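Okay, so here's the structure we're looking at.
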Amino acid sequence: MVLVIESALNQIHKNLSLEKALLATSKEPLLFLWRNRDCVVIGRNQNPHSECNLPLLKRDGIDLCRRRSGGGCVFQDLDNSVYTFAVPMPRDSAGLKATNNSVLADTLYKLTGKRPEISGRNDLLMDGAKISGAAFKETPDKALHHGCLIRNSILDKIPVYLTPSPLKFVDKAGTDSVRQRVTSLLECSGKRVSHREFSEVLAQCFAERYGPVSRRVSVQREEDVGKTAESELAAAATLKAYEAELAELTDPVWTFGATAPFSVASGVKTEKGLLELRFKVERDTVTDLQIFTDALETGWAENLLQRLRPRVCGLDIKSAQKFVRRPTLFSC
């Protein structure tokens with residue numbers, strides 16, 4: 001049996017907080033359908049100062065949020081549809097991703113008559129351009145797969161607010177902007193698909209793979225968060241989890257971290273994703289290191305930092321930068 005939750009909160013911090021609460025309290029396979037007003041969402045281990053134009057976000061009132069899962073930076077608006085699959089943790093997580101991608105592929109085929117191509121670590125392509133990207137997170141008992149699909153967006157907004165590393169495009173001859181890597185359902189099919197239409201078809205395809213829908217709940221206001229639970233006790237736990245997560249996600253310390261003193265940066269492209277290494281330098285000597293990445297594995301950056309920090313601290317900055325460019329250092 002499947003639980004389907006639809007959110008009309010339309011705000012990134014609130015929706016991610018609801019997602020976290022649902023992941024913690026729901027027992028059956030979950031499909032969470034949502035969207036957000038204009039926002040930029042960065043991955044757990046990314047540097048907001050490098051990934052987006054912070055002054056423009058502030059000027060234009062664009063929400064900035066750091067999510068719990070890994071992966072890269074995205075721009076969203078109300079013409080994007082966001083989906084979350086949360087299912088019991090299987091033995092084969094790679095097989096689960098393939099199953100979820102097939103659900104998405106079936107959905108897009110029913111909507112457009114075109115079947116997308118599954119590409120790279122986490123992308124769906126149509127006509128050779130990215131139409132949907134996803135991120136993943138695993139807990140001891142559940143696997144979360146969430147992503148956004150561009151329906152009718154004004155794609156010119158993306159290069160205005162996002163500032164990705166040029167290393168992201170080194171293998172794409174002639175590619176010099178994010179705009180050239182993405183498309184929308186409107187552009188590739190000529191059809192204007194509503195959020196409601198996308199949600200209905202995705203719910204059908206999800207139920208075909210994971211079982212019939214047992215309950216379907218609409219969250220119109222924050223007061224409705226407790227309605228997603230089956231009992232009053234569970235409702236209280238869900239609301240408590242929601243409020244705790246919202247407080248943390250909106251904390252500037254979580255969003256921005258402590259990046260200011262780390263002024264010397266080096267970029268490296270690896271098999272797992274892009275790395276941004278920032279060195280704290282005092283009198284030409286490296287005294288600390290930070291690592292940011294769009295890798296999907298959330299723990300990889302922390303493990304890498306523990307391995308590299310003692311090896312670069314104490315070196316002069318030129319030696320440290322040369323050391324981190326060794327081709328075998330980040331081999332997977």
Side-chain angles (χ1 to χ4, degrees), residues 12 16 19-20 23 40-52 54 64-74 89 93-94 97 120-123 133-140 143-147 162-171 178 245 248-249 251-281 286-315 317 320-332:
I12 182 61
L16 281 178
E19 179 190 73
K20 175 72 177 294
L23 185 64
V40 169
V41 192
I42 59 174
R44 181 186 184 97
N45 295 310
Q46 288 192 296
N47 181 358
H49 299 278
S50 301
E51 296 295 332
C52 51
L54 293 175
L64 173 65
C65 182
R66 182 188 298 277
R67 63 179 181 267
R68 298 284 185 183
S69 57
C73 180
V74 296
M89 187 63 200
S93 60
K97 292 177 184 178
R121 303 174 302 155
N122 58 339
D123 294 344
F136 309 93
K137 188 176 185 298
E138 297 176 358
T139 69
L144 179 145
H145 173 167
H146 61 186
L162 304 191
T163 55
S165 167
L167 287 173
K168 205 172 188 74
F169 312 111
V170 295
D171 59 343
V178 182
E245 182 69 0
E248 185 159 351
L249 288 185
D251 187 338
V253 175
W254 167 255
T255 304
F256 294 99
T259 57
F262 295 76
S263 57
V264 181
S266 290
V268 181
K269 188 168 187 176
T270 75
E271 294 175 12
K272 288 184 179 290
L274 298 181
L275 282 176
E276 178 189 339
L277 300 102
R278 285 191 170 261
F279 303 93
K280 185 176 182 180
V281 181
V286 176
T287 60
D288 204 353
L289 174 70
Q290 280 186 324
I291 292 179
F292 301 96
T293 181
D294 65 354
L296 293 172
E297 297 178 27
T298 55
W300 181 60
E302 183 177 347
N303 293 335
L304 188 61
L305 180 62
Q306 292 177 358
R307 181 161 59 92
L308 289 184
R309 182 179 273 150
R311 302 178 72 176
V312 299
C313 288
L315 298 178
I317 183 58
Q321 289 178 312
K322 182 178 179 181
F323 176 77
V324 300
R325 292 192 185 102
R326 293 167 55 185
T328 59
L329 192 61
F330 308 105
S331 60
C332 302

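For clarity, every value in this text was computed on a predicted model and none was experimentally measured. For this chain, numbers begin at 1 and follow the sequence in order.
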How close do [X] and [Y] get, counting heavy atoms only, and between which atoms?
X	Y	value
Gln46	Arg66	O-NH1, 2.7 Å
Ala320	Val286	CB-CG2, 3.7 Å
Arg67	Gly72	NH2-O, 2.7 Å
Gly70	Thr298	N-CG2, 3.3 Å
Ser266	Val324	CB-CG2, 4.4 Å

Between [atom1] of [X] and [atom2] of [Y], what distance do you get to the nearest 0.5 Å?
X	Y	atom1	atom2	result
Lys272	Trp300	NZ	CH2	7.0 Å
Asn45	Glu297	CG	CD	11.0 Å
Glu248	Leu16	CD	CG	12.5 Å

Side-chain heavy atoms of [X] within contact of [Y], under 4.5 Å:
X	Y	answer
Leu54	His49	yes
Ile42	Leu64	yes
Arg309	Asp288	yes
Arg278	Asn47	yes
Leu275	Ile291	yes
Leu304	Thr293	no
Cys73	Asp294	no
Phe279	Leu289	yes

### Message
Show, in sequence, the C-alpha distance, side-chain angles and deciding distance for Val40 and Leu162, and conclude whether the side-chain contact (heavy atoms from CB on, under 4.5 Å) test is met.
### Response
CA-CA 8 Å; Val40 169; Leu162 304 191; 3.9 Å; yes
### Identified side-chain hydrogen bond (donor to acceptor under 3.5 Å, both in side chains) counterpart of Ser69 within the set Lys137, Glu138, His145, His146
His146
### Side-chain ion pair, Arg44 and Glu302, N-O less than 4.0 Å
no
### Task
Flag the pair Glu19 and Arg68 as a salt bridge only when some basic side-chain nitrogen lies within less than 4.0 angstrom of an acidic carboxylate oxygen.
no
### Query
Where the side chain of Thr163 meets the backbone of Cys52, is there a donor-acceptor pair that is under 3.5 Å apart?
yes
